[in-house]
Structures are given as structure tokens and as C-alpha cells.
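From a predicted model like this one, the values you see are computed outputs, not experimental measurements. Every heavy atom of this structure was used, including side-chain atoms; hydrogens, water molecules and symmetry mates were not. So you know, we letter chains A, B, ... as the sequences are listed, proteins then strands, and number each from 1.
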Amino acid sequence: MSKEITSRNSDYSKWYNDLVLKAGLADYSAVRGCMVIKPYGFALWENMRDQLDKMFKDTGHVNAYFPLFVPKSLFEAEEKNAEGFAKECAVVTHYRLKADPNKKGSLMVDPEAKLEEELVVRPTSEAIIWNTYKGWIQSYRDLPLLINQWANVVRWEMRTRLFLRTAEFLWQEGHTAHATEQEAVAEAEQMLEVYAEFVEEWMALPVIKGVKTESERFAGAVNTYCIEALMQDGKALQAGTSHFLGQNFAKAFDVKFSDKENKLEYVWATSWGVSTRLIGALVMAHSDDEGLVLPPRIAPLQVVIVPIFKGEEQKAQIDARVGSLVQELKKAGVRVKYDDNDNARPGWKFAEYELKGVPLRLAIGARDLENNSAELARRDTREKMSVSMDGLTDTILQLLDDIQLRMFAKARDYRDAHIIPADTMEDFLRILDGEGGFVSAHWDGTAETEEAIKEKTKATIRCIPLNNPEENGTCIFSGKPSTQRVLFARAY
RNA sequence: CGGGAUGUAGCGCAGCCCGGUAGCGCGUUCGUCUGGGGGGCGAGAGGUCGCAGGUUCGAAUCCUGUCAUCCCGACCA
């Protein structure tokens, strides 16, 4: 009907856009490259954010907030980082508008209000944060400093896509300072584990933990850890990154501390982040041609109850039955909605809640009242069953758990079936041009080869998996000796 | 920044080639019958045709410019 969505087969990109727009996650805005996150999409982000925030705090971090603007002189202090982001920075040059004398009703930038120093709108906050940390850290007793911030950042992208790449996006960025290298490395690894746990257990999305190659590494980092997920179209998506920054920022911003021997040392740093991009990953990994499929643990709504009735009398009976059930479910911590809006009919509601990916739908009508039953439909398998009203809360709790596990298992099976070894460039390309996925291949370790393969196949090295087995072989491209396979894929 | 496409009612589109004052579906409003998979019937409301110029007696339609968005590339989380 009016909410037909494009099928995955006919046009995957269009399917994704349709889903995001029609399920009410986001909307385009009047600003090029920037989107509006609508209430339903934001509710999803809130659930993700709340859980991540809890996990950060459980690992000893605290939240703070740093400015949106970074003076250019600070921004350029860490050279590699500045260079890496320079091409996509929005810059504030003036601080005032005035009426345009040549055009009535229009405003113009006041040329007399030019800033002495331009302000860079943060593409990431290392610069302003390390400039601040300098004043906070004197002694080893001030360490470690474990701070996270929830913020927006701006990266002026040429080409944008809802959630996956927008000019402005929401994220969290953790920035930590440590007395020793080992401690900082451990922190970066720990946060990678936190991300992996969150994405797998809450978003039901299996990930591969790994390390980036030098050319894919965060600008200014010594080492970049990442979690990589696989979408249904066979393309990979970086779901989160955690960086060991060494002493690069400490040196650039002169952040030193006195150690126990009263020697001055530069501190060791990490930073780590995930963004609203995760919502894009969630959509592309689980959803189907009917709409979103959301994992119960982060679904804004877990259960929707739809009454089916003729006349006020039946409606009142259903209300009474549902009322106590809703109370019970809420007490059990279930996010439930009783949709008794009489403006939409049951069939319409069924389709609408499927589009929105609500994990469970309960329909109750006159027949059910007689039989003390209800019709329960699960979104992931689209399976419908008649269940007893007795013990229904337990039935629902169990099903929600089952959906969560099943969604993960399904995504994991798909992912596992799409990690394919290749030993020739012919195989390599055949896999990518076919169903896609990760191609596990030997690489000689040089940036030149990596670049050449990218040029030829559009595939990049997504990561060198953690605990990657040693295996002697020859580079798939250059034929030079190699000690391990790495994962290639076309990526978002 | 290069290539392609689109802008007409809240949404999706037709009309444009061949100029004559705007139409369809969905939604919406009212009434009614309805209700277990996106309802039926009847009656309404709703549009300076993205914006600015130009050609013409007359422009949604032709011309020029401009803005915006989407898709494909180069860049990136």
C-alpha cells in the first residue's frame, strides 16, 4: 500500500533508505548531508547509549563534556591527526551577521566580525581534550584519567547516507591517559571488548575483533583496534574502533607527569568511539523486506498488543483483560504498548508494527476471550502461535530471550558462511563479485600491495583478526612470502 | 568536485515532447457499513507546478540562470 518498501533483491540501497524513512527512524533535513533523527530512531539510540554508558561506568569511566569548537592552532598541534581530518573540517570564521544593504530582508556575514583565529568544528575531540588534560595531569596520582563524552561531531563528507555517513553525527568518544604503555594498551583492548560485547549481546550482531593495517589506522594512533560486522549484502561495516595513541598526543600537547621516582614522563593515551552508525548496521544486518527486525534488548518497543473487537462491549472486555497483563509485563521490565487506537484497523497495525520491527505482537479478540488465549506473532521468524493467557508474561519473557538469541545465531551463521579463504586473485574477485563477505587471504604486509588490491577490487583490508593463526603462505597479489591471512572486504 | 536523475496537494506520481490556466493513487475531513493481515460505499477539503528571470496574447509545459535532494564515482566512521 502506501508504505511499500523496495525489496533487498531489487535494490539494496533503496531498501535501506526506504526502511529508515518509512519506519520513522530518520528524515532528511534542510541541511545538506545532515539528517533528523526521529523519535523512534532516537529511542533506539537512547537504548544503545544507556547500555553503553552503563558499561563504560562499570569499567571505571566518567562522563564530561568538551567544547564543539577547536581553535585552529590547537587542532593542528598533532600533525598526523590534523592532516587526516583537514579535508573534511567545517570552519567558523565569523561571529556575526548583519542586514544585507543590497538585498532587503536578507542577512550577510559581517566582514568586520572576522575571528582572529578560526575555529574548527570538532571532527573528533583529541585536540581540545589533550589541551585540557595538560592542566589536569601533574603526577602519577592523577592517573589514569578515564573520561568519556557523548557528543556530536562534524565531518564534511562528500557523499552521505542516513546513519551510515552524515556530515554531523552523534557518538561517544572516550579519552584516557595512563602512566604506562602497558596500561594504555590494556585500556584500548578492554574497550574493544566492551564494544564487541555490546554489539553482540545487545544488538545481536556478531563482530570480528581485529587490528587495522597502517593505512586504515586512525590518524595519530599507534594502533587501531576495530570490530567489523557483515551486512546482508556482503559488505563489511566498521562498527567501532579503539585506539592506542602512544605518546603522540602527550608530546603534541606537552602532557607530562612525575612518576614515583619523580621523573617527568609523557603520559600514554587511548581513545575509542562508536556512533549512530551502529543504527545503520543494525538495520542492514537484521531487517527484511517487510521492515525492520529489532533485537528485543534494544527495541524501543518489545511487545505491542492489538485488540480486535466489534463494538464497545467487546472493547471493554478486552481492555479489562489487557490492562492487568500490561501491568504485569511492565513490572517484569517489558517495554509494552497497548495500541487501542480506533483510527487504524488491526490489519493496518500488524503491517505497521512489522515495519517498525517490534519483536512480539499480541492480538486479542472475542474468540480469545472465550478461549482464554491470544495470538502471539514473532517478528524475526514471522511465526504465529496461539498461546494461553495463563502464564503469558513468562511466555513473553522467554520468547524475547529466544528472539534475541536466534537473531544473533542467524547473523553469526551468515557471517561464518561468508568468511572465505582465497589463494588466487581469480577466487578473490569471484567471491567479492558473488555473494561478497570477508575474503581471508595472504598479504605481504606492504601498503603498496594493499593499495593495489584496493585499486583493482575495491576491497580493503578490514582487519588482521586478533589471535590470528600463523600460517606460512604467499601473498595473493605479489606472491611474496606471508605469515598470516588477513580479512579483505568491500566496506561501507 | 566529476557523471546521471528528480523537484507538480501531506506522501507517491502523471501531465511537459506537441503552450490554452492542473489530474490520479494513498492519506486527510464528514457520514455510514465495518473490524482475526495495510477495509467497502457516498460526499468534501486541499496545489503562487523548487526559486528568479526571459520568450509569448497566454508557460507546469519552451529558453537562461539558480537552489535543493537522491543515485553513481573520487574521500571517509
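A search for side chain to side chain donor-acceptor pair (under 3.5 Å) contacts involving A:Glu201 returns nothing, not counting sequence neighbours. Residues passing the side chain to side chain donor-acceptor pair (under 3.5 Å) test with A:Lys337 are A:Tyr353, sequence neighbours excluded. With sequence neighbours excluded, no residue satisfies side chain to side chain donor-acceptor pair (under 3.5 Å) with A:Thr166. A search for salt bridge (Lys or Arg N to Asp or Glu O under 4.0 Å) contacts involving A:Asp27 returns nothing, not counting sequence neighbours.
Residue contacts for A:Phe169: at a heavy-atom cut-off of 4.0 Å it reaches a base atom on one of the strands shown. Among the protein residues, A:Asp342 comes within range of the nucleic acid bases, having at least one heavy atom under 4.0 Å from a base atom. The residue A:Lys384 sits close to a base: some heavy atom pair falls under 4.0 Å. Within the 4.0 angstrom heavy-atom criterion, base atoms lie near A:Thr166.
OP1 or OP2 of B:A74 lies within a sub-4.0 Å distance of a side-chain N or O belonging to A:Lys458. Between A:Lys310 and B:G35, a side-chain N or O to OP1/OP2 separation shorter than 4.0 Å is present.
The nucleotide whose nearest atom lies closest to any side-chain atom of A:Arg367 is, among B:A77, B:G36, B:G37, B:G36. The side chain of A:Ala363 approaches B:G36 more closely than any other nucleotide in the set B:G38, B:G36, B:A77. For A:Glu354, the listed nucleotide lying nearest its side chain is B:G37; candidates were B:G38, B:G37, B:C76. Distance from the side chain of A:Arg161 is smallest for B:C71 among the nucleotides B:G36, B:C71, B:G38. The side chain of A:Ile308 approaches B:G35 more closely than any other nucleotide in the set B:G37, B:G35, B:G38. Closest to the side chain of A:Arg277, out of B:A77, B:G37, B:G36, is B:A77. In the set B:G37, B:G35, B:G36, the nucleotide with an atom closest to the side chain of A:Glu375 is B:G36.
With a 3.5 Å ceiling on both atom-pair distances, the Watson-Crick or G-U wobble partner of B:A5 is B:U69. Base-pair partner of B:G10: B:C26 (Watson-Crick or G-U wobble, both distances under 3.5 Å).
Residue-environment remark: CH2 (A:Trp150) exceeds the threshold of 12 foreign heavy atoms within 6.0 Å.
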Under 3.5 Å donor-acceptor pairs involving side-chain atoms of residues 228-238 of chain A, not counting sequence neighbours:
unit_1   : atom_1 : unit_2   : atom_2 : d
A:Glu228 : OE1    : A:Arg462 : NE     : 3.2
A:Glu228 : OE2    : A:Lys212 : NZ     : 2.7
A:Gln232 : OE1    : A:Arg8   : NH1    : 2.6
A:Gln232 : NE2    : A:Met284 : O      : 3.1
A:Gln232 : NE2    : A:Ala285 : O      : 3.3
A:Gln232 : NE2    : A:Ser287 : O      : 2.8
A:Asp233 : OD1    : A:Lys235 : N      : 3.1
A:Asp233 : OD2    : A:Tyr492 : OH     : 2.5
A:Gln238 : OE1    : A:Lys212 : NZ     : 3.1

Output a table of donor-acceptor pairs, distance under 3.5 Å, between side-chain atoms of residues 123-131 of chain A and any protein atom two or more places apart or on a different chain; print 'none' if there are none.
unit_1   : atom_1 : unit_2   : atom_2 : d
A:Thr124 : OG1    : A:Glu126 : OE1    : 2.6
A:Ser125 : OG     : A:Gln149 : NE2    : 3.2
A:Ser125 : OG     : A:Glu173 : OE1    : 3.4
A:Ser125 : OG     : A:Glu173 : OE2    : 2.7
A:Glu126 : OE2    : A:Ser271 : OG     : 2.8

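If you take atom P in B:C71 and the same atom in B:G27, they sit 28 Å apart, rounded to whole Å. Atom C1' of B:G12 sits at a distance of 16 Å from the matching atom of B:G38, rounded to the whole Å. Nucleotides B:A45 and B:U66 place their C1' atoms 34 Å apart, quoted to the nearest Å.
Within the cation-pi definition used here (under 6.0 Å to the ring centroid, within 45° of the axis), A:Arg361 qualifies as a partner of A:Phe350.
For residues 304-316 of chain A, every residue pair satisfying the salt bridge (charged side-chain N to carboxylate O under 4.0 Å, His left out) rule, not counting sequence neighbours, is listed here: A:Lys315-A:Asp319, A:Lys315-A:Asp340.
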Short N/O separations, protein against nucleotides 66-70 of chain B, under 3.5 angstrom:
unit_1 : atom_1 : unit_2  : atom_2 : d
B:U69  : OP1    : A:Arg32 : N      : 2.8
B:U69  : OP2    : A:Arg32 : NH1    : 3.0

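Taking only distance into account, the side chain of A:Arg361 meets the base of B:G37 through a donor-acceptor pair shorter than 3.5 Å.
Two rings, from A:Phe253 and A:Tyr133, have their centers 6.0 Å or more apart.
Nearest-nucleotide positions on RNA chain B for A:Asn341 and A:Phe85 put A:Asn341 closer to the 5' end.
Residues from residues 222-243 of chain A placing a heavy atom under 4.0 Å of any atom in RNA chain B, listed by number, are A:Gln238.
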